[in-house]
Each structure stands twice: as C-alpha cells, then as structure tokens.
Amino acid sequence: MSASEHRVSLLTRPGCCLCDDARTVLARISADLGVTVEERDITRDPADFARYADWVPVVLLDGAEHAVFRVDERRLRRDLGS
C-alpha cells in the first residue's frame, strides 16, 4: 500500500497547543508523501468527545490509534511506508 492510500485523521479540539504541533508535523508529512489528512474537532461529535476529551491530539492511521499527545514523525513515516 502506498502512503497516499492510507487514511490519516487528526482529532483535535479548539485551543489545543499540542494539536497545533501535531498539525505542523502532519502538514510536513502530507507535503512530502501526498497523504491526505482529515482533521476532526472532537467537540463536534459526542462519541469522539466522550472518548478523547483528555487525550488530544490523537492521530488515527487507517482507523487505529497511532499517536496520542505527540506525533512521532519518524514512526508515522515508517508506518506509511516511506
């Protein structure tokens, strides 16, 4: 599977500075690998909020939790196949 075929989601909430850091890392990966990143505000979905209220940012890779709080760029790139 190529990197661009993976689904990457970033779960955030307003005012989250760690979310800003994760967004920066994901933007760099997206630019380099052509990966599309879907961003979801957990405050807009009661199920997301109930599960992740104290855990953002969360990166999901193909629907599975890949990172919480901090994105390990090297690990994510490896898992995307680059």
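What's counted below: heavy atoms across the whole structure, side chains too, no hydrogens, waters or symmetry copies.
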With the threshold set at 4.0 Å, does a side-chain nitrogen-carboxylate oxygen contact exist between R70 and D21?
yes
Cluster check L18, F49: I/L/V/M/F/W/Y, side chain < 4.5 angstrom:
yes
Is there a continuous path of hydrophobic side-chain contacts, each under 4.5 Å between heavy atoms, that joins L10 to V25?
yes
Between V71 and L76, is there a side-chain heavy-atom distance shorter than 4.5 Å?
yes
Quick check on the hydrophobic clustering: are V59 and F69 connected, directly or via other members, by side-chain heavy-atom contacts under 4.5 Å?
no
So which heavy atom on R77 is nearest to which on D32, and how close?
NH2-OD2, 2.6 Å
Heavy-atom nearest pair, E39 first then R23, reads OE2-NH2, 2.7 Å
Does D41 use its side chain to pair, donor to acceptor, with the backbone of R13 at less than 3.5 Å?
no
For R28, is there an ion pair with E73 - N to carboxylate O distance below 4.0 angstrom?
yes
Only one of L80, L26, L61 passes side chain to side chain contact (heavy atoms under 4.5 Å, CB included) with V35, and that residue is L80
Identify whether the distance between the nearest side-chain nitrogen and carboxylate oxygen of R40 and D48 falls below 4.0 Å.
yes
Atom pair OG1/OH of T12 and Y52 - distance to nearest 0.5 Å
13.0 Å
Taking the side chain as every heavy atom from C-beta outward, state whether S30 and T36 have any atom pair closer than 4.5 Å.
no
Pick out which of I42, V68, L11 makes a side chain to side chain contact (heavy atoms under 4.5 Å, CB included) with W55.
V68
